[in-house]
Student: 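Dropping the structure in here first, questions after.
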Amino acid sequence: MRKGILTIAAVGLLTTGGLTACGDDSGDKAASAKTPKIGVILPDSKSSARWETADRRFLEEAFKAAGVKYDIQNAQNDKTAFQTIADQMITGGVTALMIVNLDSGTGKAVLDKAKSQGVATIDYDRLTLGGSAQYYVSFDNETVGKLQGEGLSKCLTEKGAKNPVVSYLNGSPTDNNATLFKAGYDSVLKPKFDANEYVKGPEDAVPAWDNAQAATIFEQQLTKANGKIDGVLAANDGLGNAAISILKKNKLNGKVPVTGQDASTEGLQNILAGDQCMTVYKAVREEAKAASDLAIALAKGEKKDTGQTVKDGDRDVPSVLLTPKAIYKDSVKDVIADGYVTKEEVCTGAYAKLCADAGIS
């Protein structure tokens, strides 16, 4: 497997470094006395295909390789189900719990209960604000947003756009990652708005990253702008595809650059077709491996030094932040070569020729 596409030095700290104490040690003694068993709660399967097609697959792969018991469940964007799953996992004897929170309030309640029961905890992909997770494993999410902003600017320049109107489809307002993505793309685009190089168009957050709502919201944006939107900063591929569906209805697809994130099969196909400007690839295999290494250590009552921390209020949370990569038409092949998606998934039907033209063989 080719690793050059992603900076994985942080993972090396986990797999080669010595074990050192860090953070609070609640749950260590209890965990070490039990047979390791790891619980994972994924958030949904609608906002992004990655949770079921990538994260579940790579987490299972890592747990099986380590020979530990595990239980992976999906809350399907239901806060009550999220808490019920957590209660069942804690009662069922998990020694470490990894969560992708639906919002910080629900996530904090689950993390605090796990801590009170001596169960070690990890925030996976999304930081739970005000929470008590012993580790946080994700990507550098401001960098994700920065790559999106730079990508949209690159594509607008290539199209020769003058004073383009740029609309935003931000992620869920309850997802801290969406806040970080926006901070990243604002760092690129706001100076252009301030300098009157670009015009700030409509901006909306999409509740729960819901793609159907995103299509409705973008259609309203386009109407509000009298059809004059020249670029769309969409926070992930699902939202990007929603915008593209409306652009197609108005025969504007391919003319208006749209960003994305997650390197989904659909997103990569949209890039090959010229309807999407770019996406951001996050090598979930490395994220899952880093998180599983930590979870397995915690489940055995051990701690590892990640060499990184993220601020959550007054708390420094030991963290692993991996490096994302911008993907354009000429680098779609890199995502396939890295094993995230297959050629067979992407290069179907009409996309076969587009794949060949993009150097995917």
Side-chain angles (χ1 to χ4, degrees), residues 11 14-15 23 25-128 131-138 175 284-304 318 320:
V11 181
L14 301 178
T15 56
D25 60 1
S26 59
D28 286 2
K29 292 179 181 177
S32 61
K34 301 176 183 177
T35 301
K37 181 181 179 182
I38 300 164
V40 180
I41 309 178
L42 300 175
D44 64 83
S45 55
K46 286 181 63 179
S47 67
S48 176
R50 64 164 281 194
W51 302 116
E52 288 296 330
T53 62
D55 294 86
R56 181 184 289 274
R57 171 166 57 117
F58 293 132
L59 286 167
E60 286 182 344
E61 179 183 284
F63 294 145
K64 286 177 180 177
V68 298
K69 294 181 179 180
Y70 62 89
D71 180 10
I72 302 175
Q73 296 191 46
N74 195 312
Q76 297 300 351
N77 199 36
D78 184 323
K79 295 178 186 179
T80 301
F82 191 95
Q83 292 178 310
T84 299
I85 291 168
D87 288 344
Q88 291 171 344
M89 286 182 172
I90 293 169
T91 303
V94 297
T95 51
L97 180 65
M98 289 170 48
I99 70 166
V100 187
N101 71 61
L102 297 180
D103 62 73
S104 287
T106 307
K108 174 175 167 50
V110 164
L111 292 171
D112 289 349
K113 182 167 185 178
K115 180 179 178 180
S116 73
Q117 299 296 312
V119 176
T121 54
I122 295 174
D123 270 332
Y124 181 72
D125 201 73
R126 297 174 183 168
L127 181 66
T128 301
S132 55
Q134 288 155 274
Y135 291 104
Y136 168 51
V137 180
S138 189
D175 181 354
V284 173
R285 184 190 299 274
E286 303 302 340
E287 183 182 22
K289 179 66 166 62
S292 64
D293 282 351
L294 287 171
I296 291 164
L298 286 173
K300 295 177 179 178
E302 303 169 346
K303 287 289 186 69
K304 291 193 175 186
V320 176

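Computed over heavy atoms, backbone and side chain alike; hydrogens, waters and symmetry mates excluded.
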Student: Using residues 81-88 as the side-chain source, report each donor-acceptor pair under 3.5 Å to any protein atom, sequence neighbours left out, with the distance given to one decimal.
Tutor:
unit_1	atom_1	unit_2	atom_2	d
Thr84	OG1	Thr80	O	2.9
Asp87	OD1	Lys113	NZ	3.0

Student: Run the side-chain donor-acceptor check on residues 57-68: report pairs under 3.5 Å with partners two or more places apart or on a different chain.
Tutor:
unit_1	atom_1	unit_2	atom_2	d
Arg57	NE	Thr53	O	3.0
Arg57	NH2	Tyr340	O	3.0
Glu61	OE1	Arg285	NH1	3.1
Glu61	OE2	Arg285	NH1	2.6

Student: Could you tell me which non-hydrogen atom of Arg126 sits nearest to which non-hydrogen atom of Pro43, and how far apart they are?
Tutor: NH1-CB, 3.9 Å

Student: Tell me the ring pair (Phe, Tyr, Trp, His ring centres under 6.0 Å) pairs involving residues 98-118, sequence neighbours left out?
Tutor: none

Student: Side chain to side chain contact (heavy atoms under 4.5 Å, CB included), that's the test. Do Trp51 and Val100 meet it? Break it down for me.
Tutor: CA-CA 10 Å; Trp51 302 116; Val100 187; 3.7 Å; yes

Student: As an exercise, state the distance from CD1 of Ile122 to OG of Ser138, rounded to the nearest 0.5 Å.
Tutor: 13.0 Å

Student: Contact between Lys115 and Thr121 at the side-chain level, heavy atoms closer than 4.5 Å - yes or no?
Tutor: no

Student: Can you sort out the partners of Asp71 under side chain to side chain donor-acceptor pair (under 3.5 Å), two or more places apart, ordered by chain and number?
Tutor: Gln73

Student: I want to check something: taking the side chain as every heavy atom from C-beta on, are Ile38 and Val94 in contact at a cut-off of under 4.5 Å?
Tutor: no

Student: Kindly say whether Val320 contributes a backbone atom to a donor-acceptor pair with the side chain of Tyr135 at under 3.5 angstrom?
Tutor: no

Student: May I have the list of side-chain donor-acceptor pairs in residues 101-111 shorter than 3.5 Å, sequence neighbours left out?
Tutor:
unit_1	atom_1	unit_2	atom_2	d
Asn101	OD1	Asp103	N	3.3
Asn101	ND2	Leu127	O	3.4
Asn101	ND2	Thr128	OG1	2.9
Asp103	OD1	Gly105	N	2.9
Asp103	OD1	Thr106	N	2.8
Asp103	OD1	Thr106	OG1	3.2
Asp103	OD2	Lys79	NZ	3.1
Asp103	OD2	Thr106	OG1	3.1
Ser104	OG	Leu129	N	2.9
Lys108	NZ	Asp112	OD2	2.8
Lys108	NZ	Gly130	O	3.3

Student: Applying side chain to side chain donor-acceptor pair (under 3.5 Å), can you list everything that pairs with Arg50, at least two apart in sequence or on another chain?
Tutor: Asp55, Asp125, Glu287

Student: With sequence neighbours left out, which residue pairs that include part of residues 90-100 fulfil the salt bridge (charged side-chain N to carboxylate O under 4.0 Å, His left out) condition?
Tutor: none

Student: With sequence neighbours left out, write down each residue that passes side chain to side chain contact (heavy atoms under 4.5 Å, CB included) with Glu52, or none if nothing qualifies.
Tutor: Leu42, Ser45, Arg56, Asn74

Student: Excluding sequence neighbours, so at least two apart, what forms side chain to side chain contact (heavy atoms under 4.5 Å, CB included) with Lys69?
Tutor: Lys37

Student: Just wondering, do Met89 and Leu97 contact through their side chains at under 4.5 Å, heavy atoms?
Tutor: yes

Student: Nearest 0.5 Å please: distance from the CD atom of Glu302 over to the CD1 atom of Ile296.
Tutor: 10.5 Å

Student: Do you know the tightest heavy-atom contact between Ala114 and Ile90?
Tutor: CA-CD1, 3.7 Å

